[in-house]
Amino acid sequence: MNPNELVIESVRESLKKGLEELGYDGALDIQPAPEGAGDVALPCFRIAKTMKKNPVEIAKVLADGFVANDIVESVSSQGPYLNFNLSRKAFSDAVLSAIDDASIFRGNKRKEKVLLEHTSANPTGPLHVGRARNPIIGDTTARIMRAAGYDVETEYYVDDVGKQAVMVAWGVERFGEAEERADYLYVKHYQRVNELMESDEEAKESISDWIRRYENGDAEIREKVRKTVNEMMSGILMSLKRLGIELDNLAYESDIVFSGKVDEVIEGLKSKGVLQKDESGALYIDLADYGVSGKDTRFFITRSDGTSLYSTRDVAYHIDKGNRSDRMLDVLGEDHRLQSKAVSIMLNMLGAREPDVMFYAFVGLPEGRMSTRKGRVVYLDDLMDEAVERALEEVRKRRDDLSEDEMREIAEAVGVSAIRYNIIRVQPEKRMVFKWEDALNFEGESAPFIQYSYARASSIIRKAGDFERVFSAEEDGEWRLLRKMAEYPAVIEEAAEKKKPHILAAYLRDLASMFNDFYRDYPVLSSEKRDARLTLTDSFRKVMRAGMDALGIRVLERM
RNA sequence: GGGCGCGUGGCCUAGCCUGGAUAUGGCGCCAGCCUUCUAAGCUGGAUGACCGGGGUUCGAAUCCCCGCGCGUCCGCCA
């Protein structure tokens, strides 16, 4: 039993008499009590509502029947609230043993396999900051769900079908191959090819020919496109790796198309009798029948020549993903909301499972939305370089005792983590405006703030040598820190269930802050309670490390 | 025109699902704290916010309705 469950059960136990008297056996929403009012609180509004009684009276009845136990020492009713004091000794023991045997970190064992798709940016150029939210949200969510006990597999859906990919491949043939980081060279090819399409009839004809051949399954063209796409992908994956993000699978859209699965989807939809045909023979469904409205609610699933469209292929892809997992989770930009809805409608028609979707708003620049075409863009690699360089300056200022290599390593970890934290701390639906000074801020609510508290704790432990593991959180500051640590499993659980990674970001910030207070108020090494405080400090490190891993923030022993 | 998302101090942000104890945290500003474990930290101060209007309720940032603003989508592109 994790510490939170222990508290809830102990409170329930202590109120047994009153609860029986009221005839209530529903959930008890225990929450932290406000400063000075006790340790945990039970607001009685919910019980009052179900029991149709006055919450103040409920609190009174429950308080009257209170019986203390190992964990819960005393209660006081304040109007509609019950405030409990916990036994610091007993609760400390419970928390520390849960940390020592790692049960606090295990999460609930789940059987479900989750297939989480994220990033899936078109391989036409390097990742830019406008898209960076996707991999960071996706990877962090995957980490959190794993920490909560899910079996998670991550996947990048590579859009290698259609004009764009062929245009890049054509550009490579015409303008040359890349030695390394193909994404940076080929994005220029892509831009040049776009221009040629406007100005050069011959080029346009040649490209159209490639596209036709590609769609007809011409082996030579397909191979060229696949090779180009893979070179682009290796650049993109390199950027992601630097952020600490590695995908388990790449799924190619072309594989779905050429496997015939898309045709099955089209046939399936036809047989449901939901498709309509426009003047030229293209098939569509009318989303108006499914509660969608707009200028034009026709949603096309094939062209007039019978070939498939992106969303149709996405349906086939989701059916495939559904066969490989128990749950699907997609991370998509808010521009995909309607698309995604249409895909779900179609999956539903075909009797297939629908994905859960996390949508995020774009990261824009003060002057507007990022656009590769307009050259209004900040590349993720440039942001990482800048962040790491800034971090290096900061390390140099503070540490003259470290080697150049050590300083660079710290700077890398700080810079990259700062970017992740800066993005993940905000709710995904909220629009973000990219500002260098915010993205590179290493103070206050930031990754270095969290990393720093951990490094301070590590520094103490390093100096301590051996110590005996004994503990009881007697002082207020020790107790506050311990109770914050005890919240860890509940935070992971909530962040995973609600798919809200920013909950964990806020928690780690609070936990770090709590440790900073402890660090200020309670000397560890020189204390007569040295062993007890070392035990607390080391336990904090364990919780922090687990949390940082789950958030994708690099752990530093010194900085 | 319609759908969807968002709107909280000068700026950023939590809380909204599940209504309830003085609305979270940060940035910025001012004044302090390194002869004790790392000052990327900490303390104090000033300013001062739930987009507007109705409604439901004993009670609304939270639920409902009507507006307003911003974003996004409504392609036989991906």
Side-chain angles (χ1 to χ4, degrees), chain A residues 27 29 33-35 37 41 43-46 48-49 54-55 78-81 83 122 124 159-165 253 278 280-284 287 291-307 309-311 313-314 333-339 341 359-362 364 369 391 394-395 397-399 414 418 425-427 429-433 435 437-438 441-453 455-464 498 502-503 505-506 509-510 512-513 516-517 519-527 533-534 537 558-559:
Chain A
D29 28 325
E35 203 58 46
C44 297
F45 303 108
R46 193 82 59 85
K49 199 154 272 181
N54 184 329
Q78 279 173 30
Y81 291 89
N83 294 316
N122 288 353
T124 50
D159 293 329
D160 60 342
V161 172
K163 250 199 288 204
Q164 295 182 343
E253 190 176 5
D278 82 346
S280 61
L283 298 173
Y284 67 90
L287 295 178
V292 174
S293 51
K295 269 191 296 211
D296 183 356
T297 55
R298 292 179 306 169
F299 193 89
F300 284 87
I301 73 145
T302 68
R303 300 191 180 92
S304 50
D305 65 4
T307 56
L309 290 160
Y310 172 78
S311 293
R313 301 196 283 266
D314 212 19
E334 62 179 350
D335 55 338
H336 279 67
R337 281 192 129 104
L338 180 60
Q339 296 280 344
K341 170 133 192 166
F359 291 105
Y360 62 91
F362 291 112
R369 194 168 161 178
E394 298 296 321
V395 189
K397 261 191 251 171
R398 295 160 222 271
R399 304 296 297 253
V414 167
R425 55 182 255 269
V426 182
Q427 249 184 318
E429 302 81 19
K430 217 139 180 165
R431 192 164 155 254
M432 290 183 105
V433 177
K435 294 190 191 105
E437 60 268 34
D438 291 346
N441 176 29
F442 295 158
E443 280 166 16
E445 203 171 337
S446 68
F449 176 87
I450 292 163
Q451 292 169 310
Y452 185 63
S453 73
R456 281 171 137 188
S458 290
S459 172
I460 293 174
I461 297 299
R462 233 183 353 260
K463 290 184 171 145
K498 294 184 177 171
H502 73 274
I503 292 176
R509 178 245 295 149
D510 290 344
S513 175
N516 285 337
D517 289 346
Y519 183 91
R520 177 197 63 220
D521 295 332
Y522 305 96
V524 175
L525 296 173
S526 60
S527 165
R533 289 187 182 158
L534 280 167
T537 301
R558 64 186 86 216
M559 63 185 280

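Because the structure is a prediction, the values reported are computed rather than measured. Order of the sequence lines fixes the chain letters, A, B, ..., with proteins taken first and strands second; residue numbering starts at 1 for each chain.
The interatomic distance linking Asp510(A) (CG) with C42(B) (P) rounds to 12 Å, in whole Å. One can place CD of Gln78(A) at 14 Å from C1' of G20(B), the figure rounded to the nearest angstrom. The distance from atom CD of Glu437(A) to atom C1' of G26(B) is 15 Å, rounded to the nearest whole Å. Regarding Arg520(A), its CZ atom lies at a distance of 15 Å from the P atom of C34(B), rounded to whole Å. Put simply, CD1 on Ile301(A) is 14 Å from P on C77(B), counting in whole angstrom units. Remark: P of C27(B) and CZ of Phe442(A) are 15 Å apart, rounded to the nearest angstrom. G3(B) atom C1' lies 13 Å from atom CZ of Phe359(A), rounded to whole Å.
In textbook terms, a nucleotide whose glycosidic angle is within 90° of 0 is syn, and C34(B) is one such case.
Within 4.0 Å of Ala457(A), counting heavy atoms only, lies no atom of the nucleic acid at all. The residue Leu309(A) sits close only to the backbone: its heavy atoms come under 4.0 Å of sugar-phosphate atoms, none of a base. Among the protein residues, Pro523(A) comes within range of the nucleic acid bases, having at least one heavy atom under 4.0 Å from a base atom. Within the nucleic acid shown, Glu253(A) comes within 4.0 Å of sugar-phosphate atoms alone, with no base atom in reach, counting heavy atoms only. Ser459(A) comes within contact range of at least one nucleobase, with a heavy-atom separation under 4.0 Å. Note on Asn83(A): a base of the nucleic acid sits closer than 4.0 angstrom, heavy atoms only. Across all strands, Phe449(A) comes closer than 4.0 Å only to sugar-phosphate atoms, never to a base (heavy-atom distances). Contacts of Val524(A) with the nucleic acid, taken as non-hydrogen atoms under 4.0 Å apart, include base atoms. Residue contacts for Val433(A): at a heavy-atom cut-off of 4.0 Å it reaches no nucleic acid atom on any strand shown. Using a 4.0 Å heavy-atom cutoff across all strands shown, Pro80(A) reaches no nucleic acid atom at all. Tyr522(A) comes within 4.0 angstrom of a base, heavy atoms only. Nucleic acid contact for Tyr519(A): base, since at least one base atom lies under 4.0 Å from a heavy atom of the residue. Using a 4.0 Å heavy-atom distance criterion, Ala361(A) is classed as making no nucleic acid contact.
Within the 4.5 Å cutoff, the side chain of Phe45(A) has heavy atoms near those of the Pro80(A) side chain. A heavy-atom distance below 4.5 Å is found between the side chains of Arg303(A) and Leu309(A). Counting only heavy atoms from C-beta outward, the side chains of Tyr310(A) and Phe300(A) never approach each other to under 4.5 Å. For the pair Arg558(A) and Arg462(A), the minimum side-chain heavy-atom distance is below 4.5 Å. Pro523(A) is listed as a side-chain neighbour of Arg533(A), based on a closest heavy-atom distance under 4.5 Å.
Annotation: G28(B) and G75(B) have their P atoms spaced 46 Å apart (nearest Å). Distance check on atom C1': C50(B) versus U22(B) gives 16 Å, rounded to whole Å. With C1' as the reference atom, U72(B) and U56(B) are 32 Å apart, rounded to whole Å. Across the P atoms, C16(B) and C63(B) are found 9 Å apart, a figure rounded to whole Å. As rounded to the nearest Å, G19(B) and A60(B) have P atoms that lie 14 Å from one another. Annotation: C64(B) and A46(B) have their C1' atoms spaced 40 Å apart (nearest Å). A gap of 28 Å separates the C1' atoms of G20(B) and G5(B), to the nearest Å. Rounded to whole Å, the separation between the P atoms of U62(B) and U8(B) comes to 14 Å.
Among all heavy-atom pairs drawn from Glu429(A) and Ala361(A), the shortest one is O-CB, 3.5 Å.
Along RNA chain B, the nucleotide nearest Gln164(A) and the nucleotide nearest Ala33(A) are compared for position; the residue whose nucleotide lies closer to the 5' end is Ala33(A).
Using the Watson-Crick or G-U wobble rule with both distances under 3.5 Å, U72(B) pairs with G3(B). The partner of G41(B) is C33(B), judged by Watson-Crick or G-U wobble contacts that both fall below 3.5 Å. Base-pair partner of G28(B): not found among the strands shown (Watson-Crick or G-U wobble, both distances under 3.5 Å).
Of the inter-residue distances, the one linking Gln427(A) atom CD with Ile503(A) atom CD1 reads 9.0 Å to the nearest 0.5 angstrom. The CG atom of Asn122(A) lies 4.5 Å from the CG atom of Asp159(A); values are rounded to the nearest 0.5 Å.
Candidate nucleotides A78(B), G5(B), C17(B) were compared by shortest atom distance to the side chain of Glu429(A), and G5(B) ranks first. Of the candidates U38(B), G59(B), C27(B), G59(B) carries the atom nearest the Lys49(A) side chain, counting heavy atoms from C-beta on. Comparing C37(B), C4(B), U18(B) against the side chain of Arg337(A) picks out C4(B) as the nearest. Here the side chain of Arg558(A) is nearest to one of A21(B), U38(B), A78(B), namely U38(B). Of the candidate nucleotides A78(B), A39(B), C42(B), A78(B) has the atom nearest to the side chain of Asp159(A).
With sequence neighbours left out, Ser513(A) forms a side chain to side chain contact (heavy atoms under 4.5 Å, CB included) with Phe449(A). Residues that satisfy the side-chain hydrogen bond (donor to acceptor under 3.5 Å, both in side chains) test with Thr297(A), not counting sequence neighbours, are Asp286(A). Judged as a salt bridge (Lys or Arg N to Asp or Glu O under 4.0 Å), and not counting sequence neighbours, the contacts of Asp517(A) are Arg520(A). Under the rule for a salt bridge (Lys or Arg N to Asp or Glu O under 4.0 Å), the partners of Glu35(A) that lie at least two apart in sequence or sit in another chain are Arg480(A).
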Give each protein N/O atom lying under 3.5 Å from an N/O atom of nucleotides 8-15 of chain B, with the pair distance.
from, atom 1, to, atom 2, distance (Å)
A14(B), OP1, Gln427(A), N, 3.1
A14(B), OP1, Gln427(A), OE1, 3.2
A14(B), OP2, Lys430(A), NZ, 2.5
G15(B), OP1, His502(A), NE2, 3.2

Check nucleotides 72-74 of chain B against the protein and report each pair of N or O atoms closer than 3.5 Å, with its distance, or say if there are none.
from, atom 1, to, atom 2, distance (Å)
C73(B), OP1, Arg369(A), NH1, 3.3
C74(B), O2', Asp296(A), N, 3.3
C74(B), O2', Asp296(A), O, 2.4
C74(B), O2, Lys295(A), N, 2.8

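An OP1 or OP2 oxygen of C42(B) is reached within less than 4.0 angstrom by a side-chain nitrogen or oxygen of Asn516(A).
In this structure, Arg369(A) satisfies the cation-pi test against Phe362(A), with its NZ or CZ atom closer than 6.0 Å to the six-membered ring centre and inside 45 degrees of the ring normal.
G20(B) has its base stacked against the ring of Phe45(A), the centroids being under 5.5 angstrom apart at an interplanar angle below 30°.
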